[in-house]
Each structure stands twice: as structure tokens, then as C-alpha cells.
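Keep in mind it's a predicted model, so treat the numbers as computed, not measured. Each ligand, and each atom within it, is numbered from 1 in the order the structure gives.
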Amino acid sequence: MEKLVIQGPVTLSGEVTISGAKNAALPMMAAALLAPGESHLHNMPRLQDLITMSKVLAIMGCDVRLDWPSIKIDTTSVDNLLAPYSLVKTMRASVLVMGPMAARWGEARVSLPGGCAIGTRPINLHIAGLEAMGADVRVEHGYVHVKARRLRGAHIKFPQPTVTGTENLMMAATLAKGTTVLENAAREPEIEDLALMLNKMGARIRGAGTPIITIEGVDELQPVSHHAIPDRIEAGTFLVAGAVTGGNVLARKADPRHLEAVLEKLRMAGADITIEREGIRVRGTDVYTPLDIMTAPYPGFPTDMQAQFMILMLKSRGQSMLTETIFENRFMHVPELMRMGADIEVKGRTAIVNGPAHLSGTQVMATDLRASASLVLAGLISEGTTEVLRIYHMDRGYEKLEEKLAALGANIRREKTQMY
Ligand code: UD1
């Protein structure tokens with residue numbers, strides 16, 4: 001196993017180029033299944049999660065070529081409509097292959113994802129949607145078995161927005177007979193990007209990016225070439241990194257239209273944000289104004305940025321509040337931050353953060369993807385050496401994080417963890 005070793009504190013300055021969005025790339029890879037032949041995907045971030053998805057597709061019989069930052073997926077030889085537990089348990093977004101398999105081949109066997117560090121994260125809404133489209137769905141021996149001669153259009157109202165649920169059913173509906181309406185759909189930019197790709201393939205989707213998506217089913221789709229949008233969470237993470245270190249960082253390629261809630265909170269805290277032709281620049285300061293943040297589905301404040309903003313709150317004078325409404329167990333970085341000297345109290349779904357904190361480096365353990373980013377940011381503002389253990393979580397979602405931070409002036413390196 002590997003760890004990151006960070007010497008702080010540091011002031012970051014310079015430019016960083018934001019990679020393609022993980023959460024756009026994963027559904028795009030699954031969408032390639034919908035067409036016979038070879039699709040070419042571009043601006044793909046080199047991440048463990050994409051490698052896992054490529055293995056899911058390869059087990060099905062796809063010929064997948066990783067030629068970073070491009071991925072070629074040829075579906076000509078698909079003969080195994082299975083997403084096995086061994087892969088789905090390491091990345092729950094593997095379930096995104098379920099909709100395309102059911103739509104194109106009328107059959108899918110997908111392992112239930114099981115537990116996840118940040119909460120139970122069921123897929124009942126994905127399943128209910130496929131059932132509404134006429135599929136026969138049975139859950140047996142830990143697997144979801146889907147059977148359908150041909151899916152048919154349906155009116156599906158989500159009780160709450162779900163990102164991958166919306167994507168799965170949107171993909172399934174492209175090849176269904178008749179029109180599907182998804183109501184209370186998730187509105188994330190990655191869903192709009194997926195719809196753009198599917199429409200290039202010949203799908204008829206309207207309303208992606210709004211709560212109502214209408215999909216007119218077609219008989220077949222064509223392979224496609226498509227570029228993923230930039231990763232708004234990676235961009236947000238670097239902007240917070242620039243802010244908390246009192247630095248001056250340009251996040252090249254970051255798209256301000258996807259980051260409104262995040263930029264608003266950075267500005268409210270006192271960071272100077274400017275939109276430039278190349279991207280978004282942050283100029284930090286020493287002490288910030290406390291914030292009150294509640295996570296919400298897009299266009300609200302993203303749950304995937306919550307852990308990083310806690311570090312900004314630790315640099316604020318006074319009491320900040322952070323309420324997590326999407327996942328039930330997403331404060332696992334808090335005890336680690338407290339070991340570094342933070343004053344944080346968790347009451348139910350709200351964390352009360354008292355600042356400013358004077359953090360000191362120590363060994364801390366990453367528990368999930370965004371928690372690992374928050375611990376790295378804490379390391380950048382701490383006195384002395386911080387070691388972030390279990391960074392395989394970070395490698396799932398941040399491309400070359402330590403190289404990009406080092407290029408901005410951080411003293412950070414990756415080392416093997418001693419086992420004793
Ligand atoms: C996606 C993102 C993840 C992000 C999350 C919320 C990808 C690959 N991952 O995850 O980075 O943190 O959105 O923005 O895009 N729910 C149900 N039943 C379902 C589906 C969801 O109860 O069938 C609940 C979940 O437990 C959660 C909420 O709905 O409380 C939202 O989850 P969802 O939007 O589905 O998250 P993911 O798509 O898994």
C-alpha cells in the first residue's frame with residue numbers, strides 16, 4: 001500500500017490543468033455498449049475507477065483499449081451479460097452497465113454493490129425504473145437478474161434525484177419501444193454530457209440537465225466519438241487548495257457554469273475568484289469568514305465537495321456549519337482532522353466547525369475518495385509532516401493529485417507504506 005507524505009505549511013501558486021470528469025467518463029464507457037462497433041472516448045482521466053470499468057466491459061467481451069486520455073471500446077464480441085461481484089464491490093458505478101445491457105440484449109446479471117463507506121447506497125430506484133419499462137427483475141444470490149424482450153417507454157417519477165439512476169434509465173430508454181419520461185431526474189452536468197453523447201449516437205433525448213427528461217426510443221444507435229467535460233470536483237478541490245494555502249492558483253479548463261454553488265461559497269468565505277479565458281483563478285487570504293453549507297442535488301452544493309470545504313472552515317474565524325443531506329455517513333474525515341488539532345463537533349448530519357484551527361501534521365487514514373482529498377488539503381496547511389495512509393481511495397478519483405500539487409509548489413511525495 002502507498003501513502004502520501006506532505007510537509008506543510010505551503011502557499012500554492014501557478015496553474016493546474018483539470019482532467020476529464022470521472023463521473024462523466026464512467027457512464028460514457030457504459031453507453032458505448034448501446035451501439036455495435038467501436039466508440040472513441042476522449043479526455044478520459046487516468047483513474048482506477050476507469051480501469052475498473054474497463055475490466056467490467058472486458059469481462060462482457062468488449063475489446064477495450066486504454067490509450068490515455070482516450071479509450072476505445074469495441075462491443076462487437078460481447079457474449080457475457082454479467083457484471084461480477086469482484087468488480088462491482090470495488091466500484092458501485094459498475095451498475096451503469098445494467099441499463100445498456102437490458103436495452104440492447106434484453107438481459108443483464110449485475111451484482112448488487114453492497115456496502116459503501118459513506119452509506120448504504122441502494123440501487124432500488126434503478127431496478128424500479130427497469131421494471132416500469134417492462135423488465136422482469138429478480139434479485140437472487142446477491143445478483144440483479146434483468147430480462148426483457150424489448151424495454152418499453154414508461155413514465156418514471158423518482159422519489160428523490162439519483163445521478164447514476166437517472167443515467168442508467170436514460171440509457172435504457174434510448175432503445176426502448178416508445179417514449180420514456182423521467183421526472184424529478186438528477187440535473188448534474190455529467191448527465192447533460194451523457195445525453196449529448198447519446199444523441200450523437202442517434203438517440204432522441206430532450207431535457208437533460210432539467211428535472212424532466214424525455215427519451216423517444218429508437219431501433220438502433222451508432223458508435224461515436226465524444227469528449228468528456230472537465231471534472232468540476234477536481235477543479236473545486238484545487239480552488240479550495242489555493243484558497244486554504246493563501247495562494248494564487250489558476251484551474252485551467254475548469255468550467256464556471258458547473259461550479260456556481262462552489263464559487264459562491266468560496267467568495268462568501270472571502271476568497272477572490274476570477275473567471276479567466278483559460279479557467280478559474282483563486283487568490284486566497286489568511287483568515288476566512290465562517291460558512292453555513294448544506295449539501296443538495298445539483299445545482300445545489302455538491303456532497304463531493306463537502307469534505308474539502310471543511311478545511312476552508314478550519315481557516316475561518318468563528319463557527320461554521322456543514323450539513324450533509326445526501327449520504328448518511330460522510331463525516332469520516334472528522335476524527336482524523338481532530339487528531340490534527342481541529343475543533344469539530346458532529347451532531348447527526350451536521351458538523352459544527354470552530355476555527356481558526358492550528359493543525360499539526362501526523363499520520364491520518366483516508367476512508368473514502370473525497371475524505372482523502374480533505375486530508376491532503378489539511379496536510380498542506382499543517383505544521384510539520386502529514387502522512388495520508390490508504391491513498392488508494394484518492395487514486396480512484398484524482399488523476400496525479402500529488403504531481404499536480406507538487407507543480408504548484410507543495411512538498412508532497414508518494415511512498416510505500418511500511419507494514420509492521
Ligand atoms: C453519484 C456520483 C457521486 C456523488 C453522488 C451524489 C457517479 C459515478 N457518482 O453517485 O460521486 O457523490 O452522485 O452527488 O456519478 N438512492 C436510493 N436508491 C437508489 C439510488 C440512490 O435511495 O436506487 C439514494 C442514495 O442512497 C443517496 C441519494 O439517493 O442518498 C443520491 O444518490 P445517487 O445520486 O444515486 O448517487 P450515485 O449516483 O451513486
Side-chain angles (χ1 to χ4, degrees), residues 20-31 44-45 47-50 52-53 56 88 90-99 110 112-132 137 139 144 156-172 182 184-195 208 211 228-229 231-234 236-237 258-259 261-262 294-309 323-332 349 368-374 393-394 396-398:
K22 167 179 87 72
N23 288 353
L26 293 170
M28 282 166 57
M29 291 176 76
M44 298 281 105
L47 297 173
Q48 195 53 46
D49 271 8
L50 269 68
T52 304
M53 184 59 102
V56 173
V88 182
T90 66
M91 184 188 67
R92 68 185 305 290
S94 313
V95 301
L96 284 165
V97 296
M98 187 161 71
V110 177
L112 283 169
C116 167
I118 63 175
T120 44
R121 303 183 79 176
I123 57 165
N124 57 310
L125 303 175
H126 304 227
I127 293 174
L130 287 174
E131 282 177 331
V137 184
V139 179
V144 185
I156 297 162
K157 185 169 179 185
F158 293 104
Q160 69 192 91
T162 152
V163 177
T164 47
T166 301
E167 291 164 345
N168 230 340
L169 298 181
M170 188 166 80
M171 290 189 282
L182 302 178
N184 199 22
R187 297 156 67 180
E188 270 68 2
E190 293 76 19
I191 293 172
E192 253 187 283
D193 198 25
L194 175 64
I229 55 172
D231 195 308
R232 62 196 164 95
I233 305 300
E234 187 198 13
T237 302
H258 301 162
L259 280 156
V262 168
M294 186 181 284
T295 63
Y298 192 85
F301 188 90
T303 172
D304 286 350
M305 281 303 301
Q306 174 259 98
Q308 301 87 317
F309 262 74
T323 303
E324 170 61 52
T325 70
I326 310 288
F327 296 114
E328 66 257 37
N329 192 20
R330 216 171 190 185
F331 286 136
M332 284 181 307
R349 292 196 158 197
D368 67 71
L369 170 54
R370 305 306 168 185
S372 61
S374 128
H393 291 292
M394 187 188 87
R396 290 187 47 193
Y398 286 96

Task: Worked verdict on Phe309 versus Val262 for side chain to side chain contact (heavy atoms under 4.5 Å, CB included) - done: CA-CA 9 Å; Phe309 262 74; Val262 168; 3.9 Å; yes

Task: Structural part of Met53 in contact with ligand 1, heavy atom criterion under 4.0 angstrom - done: neither

Open item on the list: Are any of the N/O atoms on Lys22, whether in the backbone or the side chain, positioned under 3.5 angstrom from an N/O atom of ligand 1?
Closed with: no

Open item on the list: Under the rule for side-chain contact (heavy atoms from CB on, under 4.5 Å), what residues qualify as partners of Asn124, not counting sequence neighbours?
Closed with: Pro122

- [ ] Mark the output for Arg330 as yes if a heavy-atom distance to ligand 1 is under 4.0 Å, and as no if none is.
- [x] yes

Task: Options Leu125, Ile326, Ile123, ranked by nearest heavy atom to atom 30 (O) of ligand 1, top entry - done: Ile326

Open item on the list: Name the residue from Glu188, His258, Glu190 that meets the side-chain hydrogen bond (donor to acceptor under 3.5 Å, both in side chains) definition with Arg232.
Closed with: Glu190

Task: Side chain, backbone, both or neither: Phe327 near ligand 1, heavy atoms under 4.0 Å - done: side chain

- [ ] Tell me, please: is Gly165 in heavy-atom contact with ligand 1, that is, under 4.0 Å?
- [x] no

Task: Atom indices of ligand 1 within 4.0 angstrom of His126 heavy atoms, with elements - done: 23 (O)

- [ ] Specify side chain, backbone, both or neither for Asn124, according to which of its non-hydrogen atoms lie closer than 4.0 Å to ligand 1.
- [x] both

Task: Gln308 side chain vs Ala371 backbone, donor-acceptor pair below 3.5 Å - done: no

Task: Under 3.5 Å donor-acceptor, Arg92 side chain and Pro113 backbone - done: no

Task: Numbered atoms of ligand 1 (with element) below 4.0 Å of Thr303, judged on heavy atoms - done: 6 (C), 12 (O), 14 (O)

TODO: Would you kindly say whether Thr303 and Arg330 are connected by a side-chain donor-acceptor distance under 3.5 Å?
DONE: yes

Task: For Tyr398, all residues meeting ring pair (Phe, Tyr, Trp, His ring centres under 6.0 Å), sequence neighbours excluded - done: none

Open item on the list: Using a plain distance cutoff, I'd like to know if Thr164 has any nitrogen or oxygen under 3.5 Å from a nitrogen or oxygen of ligand 1.
Closed with: yes

Open item on the list: I'd like to know if the side chain of Asn168 and the backbone of Val95 have a donor-acceptor N/O pair within less than 3.5 Å.
Closed with: yes

- [ ] Output the distance between atom CG (Leu47) and atom OG1 (Thr52), rounded to the nearest 0.5 Å.
- [x] 10.0 Å

- [ ] Would you mind telling me if ligand 1 is within reach of the side chain of Asp304, the backbone, both or neither, using heavy atoms under 4.0 Å?
- [x] side chain

Task: Under-4.0 Å heavy-atom contact with ligand 1, by part of Arg92 that carries it - done: side chain

Open item on the list: Using a 3.5 Å cut-off on N or O atoms only, is Gln160 in polar contact with ligand 1?
Closed with: yes

- [ ] Would you check whether Val163 has a nitrogen or oxygen atom less than 3.5 angstrom from a nitrogen or oxygen atom of ligand 1?
- [x] yes

